[in-house]
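Each chain gets a letter, A, B and so on, in the order its sequence line appears, and its residues count up from 1. The model shown is predicted, which means the values in this text are computed figures rather than measured ones.
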Protein chains: 2
Amino acid sequence: MSLLDIGEIARRTGVPPSTLRYYEEVELIRSEGRRGLRRQYDGDVLLRLSLIGLGKAAGFSLGEIAGMFGSDGRPDIPREQLHAKADELQRQILGLRTLRDALRHVADCRAPSHLECPSFRALLKSSARRPLIYRPSSGQSDRQLAPGRRGRAG
Amino acid sequence: MSLLDIGEIARRTGVPPSTLRYYEEVELIRSEGRRGLRRQYDGDVLLRLSLIGLGKAAGFSLGEIAGMFGSDGRPDIPREQLHAKADELQRQILGLRTLRDALRHVADCRAPSHLECPSFRALLKSSARRPLIYRPSSGQSDRQLAPGRRGRAG
DNA sequence: GCTTGACCTCAAGTTGACTTGAATTCGTAG
DNA sequence: CTACGAATTCAAGTCAACTTGAGGTCAAGC
């Protein structure tokens, strides 16, 4: 089977070579070898990159995404994590709806100041206080990415 | 009318003082004066902070949020642009809904591996290449935030 | 009048996800 | 053989959105 070199992968996926190298550095993908200097990738990485793209779209961090590939390399996404993410998306959707309505209100309302408009205030009241979505900043289920050599400056 | 000092705002909203100062620096909020050193805020900022929280939850950058709700509390962009933004939100909502449903489906799907689940494959296919949801990273309609003095080292 | 504690300023650090730049190394076409 | 172009390495830069830390200040309570 023929390996694809990095430029080919980049062209097919739209993911720039620098990013591919970065992903490799943090062990999200791996290359099978070199032709001269050029990295050669197995066709599998195309699928893997789709998966990564999907994960990013869903709002997972690279660390979380890395955790979703079993040590054997094939995806093994825990179902409860998917549900949790779906719930988070749900909350995000609610927030977006509120924001959308707020925006439309602001665009149309003739009140001198929106802050004084009762319906605007009512709109916002629902979302005040607690964070609308849980932003995983340093999560517990977050696998540690390979750190590379970045930061070990001399 | 009584002004609230920064600690009070922080306690009521959960937004830490350092963040409030930062927001003020980038002109997302403003304080009305000082009592001694302490910043004093009008009660309006509570509402404003809700708005900001909402925008953040929706994935907007602070710059975009600033553009939606001008420094004085009302939008500094024309109505049609606001409507355009709302429409954009609507599209984003649809994308998120699709993603959410797909996530749930995959979570519940009994296929032995996610890769074998047809709807998962379809999802992958649709998300390959172009982003499933619009991620505002460095948009064109993004208002420039006041830069503060950060970086002007000497 | 002194202490305390909450605030202040300003510079610099942090994190995640990359990108950029300089100096270098190949494989191939001419 | 030489040039070229595409890839390489490694260090460092970028960006957003904050946080942290050092050193300073003020109002209130004892």
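The side-chain contact (heavy atoms from CB on, under 4.5 Å) test applied to B/A10 returns B/P17, B/L20, not counting sequence neighbours. Partners of B/L37 according to the side-chain contact (heavy atoms from CB on, under 4.5 Å) rule, which considers only residues two or more places apart in sequence or in another chain, do not exist here. With sequence neighbours left out, the side-chain contact (heavy atoms from CB on, under 4.5 Å) criterion links B/C117 to B/H105, B/C109, B/A111, B/S119, B/F120. When the salt bridge (charged side-chain N to carboxylate O under 4.0 Å, His left out) test is applied to B/R100, no partner is found at least two apart in sequence or on another chain. In terms of the side-chain contact (heavy atoms from CB on, under 4.5 Å) criterion, residue partners of B/P16 (sequence neighbours excluded) are, by chain and number, B/S18, B/T19. Among residues two or more places apart in sequence or in another chain, the salt bridge (charged side-chain N to carboxylate O under 4.0 Å, His left out) test is passed with B/D108 by none. Considering only residues two or more places apart in sequence or on other chains, B/R35 meets the salt bridge (charged side-chain N to carboxylate O under 4.0 Å, His left out) condition with B/D5. A/R104 is linked by a salt bridge (charged side-chain N to carboxylate O under 4.0 Å, His left out) to B/D87, counting only residues two or more places apart in sequence or in another chain.
The CD atom of B/E27 sits 15 Å away from the P atom of D/dA17 (whole-angstrom rounding). As rounded to whole Å, 16 Å separates atom P of D/dA7 from atom CG of A/L3. Atom C1' of nucleotide C/dA17 and atom NZ of A/K56 are separated by 7 Å, given to the nearest angstrom. Going from atom CD of B/E24 over to atom C1' of D/dA17 covers 16 Å, rounded to whole Å. Between B/I52 atom CD1 and D/dA17 atom C1' there is a gap of 13 Å when expressed in whole angstrom units. Atom-to-atom, CD1 of A/I6 to P of C/dC26 comes out at 17 Å; the value is rounded to the nearest Å. Residue A/R39 contributes atom CZ, which lies 15 Å from atom P of C/dG27 at whole-angstrom precision. One can place CG of B/L62 at 9 Å from C1' of D/dC18, the figure rounded to the nearest angstrom.
Pairs of residues two or more places apart, or lying in two chains, that qualify as salt bridge (charged side-chain N to carboxylate O under 4.0 Å, His left out) and include a residue from residues 13-24 of chain B are B/E24-B/R39.
In terms of modelled atom types and a separation under 3.5 Å, the side chain of A/R48 and the main chain of A/L28 share a donor-acceptor contact.
Where the helix from C/dG1-D/dC30 to C/dG30-D/dC1 starts and where it ends, the local axes point in directions that differ by 20°; five pairs per end, rounded to 10°.
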Taking only N/O atoms, report every protein-nucleotides 19-22 of chain D pair under 3.5 Å with atom names and distance.
residue: D/dT19; atom: OP2; partner: B/S18; partner atom: OG; Å: 2.5
residue: D/dT19; atom: OP2; partner: B/T19; partner atom: N; Å: 3.4
residue: D/dT19; atom: OP2; partner: B/T19; partner atom: OG1; Å: 2.5

Criterion side chain to side chain contact (heavy atoms under 4.5 Å, CB included) on A/E32 and A/Y41, from CA distance to verdict = CA-CA 5 Å; A/E32 297 307 313; A/Y41 292 98; 5.9 Å; no

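Note on B/Y23: a side-chain N or O is less than 4.0 Å away from OP1 or OP2 of D/dC18. Of the side-chain N and O atoms in A/R34, none sit less than 4.0 angstrom from OP1 or OP2 of D/dA6.
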What is the per-nucleotide protein-contact pattern of nucleotides 25-30 of chain D, from the 5' end, where B denotes a base atom under 4.0 Å from a protein heavy atom, S denotes such proximity for sugar-phosphate atoms only, and - denotes neither?
-> BSS---

